[in-house]
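What follows is a set of notes on a single structure, which appears directly below.
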Amino acid sequence: MILYPAIDLKDGNAVRLYKGEMDQATVFNDNPAAQALEFVEAGCEWLHLVDLNGAFAGEPVNAAPVEEILKQCKVPAQLGGGTRDMATIERWLDKGLARVILGTVAVENPDLVREAAKAFPGKVAVGIDARNGRVATKGWAEETDVMVTDLAKSFEDAGVAAIIYTDINRDGAMQGPNVQATADLANAVSIPVIASGGVSSLDDLRNLKACGAALDGAISGRALYDGAIDLGEALNVLKG
């Protein structure tokens with residue numbers, strides 16, 4: 001399993017939200033590129049970036065810090081938030097992004113996901129963010145009637161690289177991930193699943209790893225910033 005340190009960008013800073021609420025943001029670093037380098041130097045093999053402002057605006061807002069991270073860090077990075085058309089996807093990939101995460105458009109314009117996955121094999125992931133099993137969009141501000149597993153299954157034949165599954169009620173709350181829901185999703189589809197939301201201890205990572213080969217990785221943010229998880233130890237747990 002791969003550990004993806006999360007760098008969530010709001011107003012140019014690296015922050016963490018509490019349960020997806022933009023007005024409950026804690027700034028952890030006003031230099032996101034320096035934070036990213038810290039993770040890389042500690043041994044991480046991937047970075048998970050989120051443009052929080054972009055998720056609400058529907059277009060990239062924190063492009064400058066993302067570009068600086070891509071310039072300074074020599075590990076692959078994936079980015080979600082505000083990417084909702086082919087031109088933006090192509091622009092990010094041209095700038096060196098390894099993987100674009102499509103969230104809102106996966107619900108509103110699934111044909112775009114299919115087109116992008118076909119045009120850029122291995123470089124398009126689907127972000128599925130959910131409250132109580134139902135998908136939320138537009139920076140988690142709007143809830144839909146779409147069920148997580150139904151949305152995931154609809155992309156089985158699309159060629160997407162991964163599904164990033166976030167339980168919004170666990171995100172930033174340091175209460176542990178929703179292991180059962182994550183495992184259920186991973187076992188329901190053939191697409192690799194990356195767990196997100198609530199990973200706050202080494203035991204959480206061990207529990208996710210026990211889900212088996214269907215789970216490709218885990219994202220952690222606040223726990224790494226707070227020191228609740230040591231990145232080196234976490235990498236050893238997931239590789240062991």
Residue pairs passing the side-chain hydrogen bond (donor to acceptor under 3.5 Å, both in side chains) test with at least one member in residues 106-117, sequence neighbours excluded, are E108-K138, R114-D157
With the side chain counted from C-beta on, respond yes when I229 and V199 share a heavy-atom pair under 4.5 Å apart, and no when they do not. yes
Please give me the minimum heavy-atom distance between C44 and L231, naming the atom from each residue. CB-CD2, 4.3 Å
Nearest heavy-atom neighbours spanning A223 and S200: CB-CA, 3.6 Å
Would you indicate whether the side-chain heavy atoms of V135 and I128 approach each other to under 4.5 Å? yes
For the side chain of T166 and the backbone of I168, is there at least one donor-acceptor N/O pair under 3.5 Å apart? no
From E45 CD over to L238 CG, what is the distance, rounded to the nearest 0.5 angstrom? 10.0 Å
Is any side-chain heavy atom of P192 less than 4.5 Å from a side-chain heavy atom of I163? no
Using only atom types and a distance under 3.5 Å, with no angle test, would you say the side chain of D204 pairs donor to acceptor with the backbone of S201? yes
For the student: nearest non-hydrogen atoms of R16 and G221, plus distance: NE-CA, 3.7 Å
Determine whether V100 and V75 fall in the same hydrophobic cluster, where Ile, Leu, Val, Met, Phe, Trp and Tyr are linked whenever their side-chain heavy atoms lie under 4.5 Å apart. yes
With sequence neighbours left out, the residues meeting side-chain contact (heavy atoms from CB on, under 4.5 Å) with V237 are L202, L205, R206
Scan Y225, F28, Y4 and name whichever one has a ring pair (Phe, Tyr, Trp, His ring centres under 6.0 Å) with F39. Y225
CD1 on I191 to OH on Y165, rounded to 0.5 Å: 15.0 Å
Over-ring placement of R99 relative to W46, 6.0 Å and 45° cut-offs: yes
As a quick check of understanding, evaluate side-chain contact (heavy atoms from CB on, under 4.5 Å) for L97 and Q78, giving each step before the final call. CA-CA 6 Å; L97 196 71; Q78 59 186 21; 5.8 Å; no
Spell out, as yes or no, whether a donor-acceptor pair under 3.5 Å connects the side chain of T182 to the backbone of N178. yes
How about R134 and D145: do any of their side-chain heavy atoms sit closer than 4.5 Å? yes
To the nearest 0.5 Å, how far apart are CG in L151 and CZ in F155? 5.0 Å
Heavy-atom check, side chain of V113 versus side chain of V160, under 4.5 Å: yes
Once you round to the nearest 0.5 Å, how far does NZ of K95 lie from CD1 of I69? 14.0 Å
Checking N13 side chain against V15 main chain: does a donor-acceptor pair fall under 3.5 Å? no
Would the distance check show the side chain of D226 and the main-chain N or O of A228 forming a donor-acceptor pair, the cut-off being under 3.5 Å? no
Residue pair A158 / A117: nearest heavy atoms and the distance that separates them: O-CB, 3.4 Å
Considering non-hydrogen atoms only, spot the tightest contact between A14 and P32 and give its length. N-CG, 3.9 Å
Quick check on the hydrophobic clustering: are L235 and I194 connected, directly or via other members, by side-chain heavy-atom contacts under 4.5 Å? no
Under the side-chain contact (heavy atoms from CB on, under 4.5 Å) rule, what do L215 and M1 come out as? Steps first, then yes or no, please. CA-CA 7 Å; L215 199 60; M1 275 178 64; 4.1 Å; yes
Taking all non-hydrogen atoms of both residues into account, name the closest pair between A77 and L70 and its distance. CB-CD2, 4.0 Å
Side-chain contact, heavy-atom cut-off 4.5 Å: R222 with T26? yes
Validation row: H48, I219 side chains within 4.5 angstrom (heavy atoms): yes
Kindly indicate, with the supporting measurements, whether the criterion side-chain contact (heavy atoms from CB on, under 4.5 Å) is fulfilled by I101 and L79. CA-CA 6 Å; I101 303 165; L79 170 70; 5.9 Å; no
Going through the checks in order, is the side-chain contact (heavy atoms from CB on, under 4.5 Å) test met by V179 and C211? CA-CA 8 Å; V179 176; C211 293; 3.8 Å; yes
If you round to the nearest 0.5 Å, how far is CG of L185 from CD of Q180? 11.5 Å
Quick one, V126 and I164 - any side-chain contact, counting heavy atoms below 4.5 Å? no
Which donor-acceptor pairs under 3.5 Å do the side chains of residues 49-61 make with protein atoms, sequence neighbours left out?
| residue | atom | partner | partner atom | Å |
| --- | --- | --- | --- | --- |
| D51 | OD1 | N53 | N | 3.4 |
| D51 | OD1 | G54 | N | 2.7 |
| D51 | OD1 | N62 | ND2 | 2.8 |
| D51 | OD2 | V61 | N | 2.7 |
| D51 | OD2 | N62 | N | 2.9 |
| N53 | OD1 | D11 | N | 2.8 |
| N53 | OD1 | N62 | ND2 | 2.8 |
| N53 | ND2 | D11 | OD1 | 3.2 |

Separation between CE of M86 and CD of E90, rounded to the nearest 0.5 Å: 6.5 Å
Is the side chain of Q72 donor-acceptor paired with the backbone N or O of L37 at a distance under 3.5 Å, no angle test? no
In terms of side-chain geometry, is the basic nitrogen of E156 or K153 positioned less than 4.0 Å from the acidic oxygen of its partner? no
Determine whether V124 and L112 fall in the same hydrophobic cluster, where Ile, Leu, Val, Met, Phe, Trp and Tyr are linked whenever their side-chain heavy atoms lie under 4.5 Å apart. yes
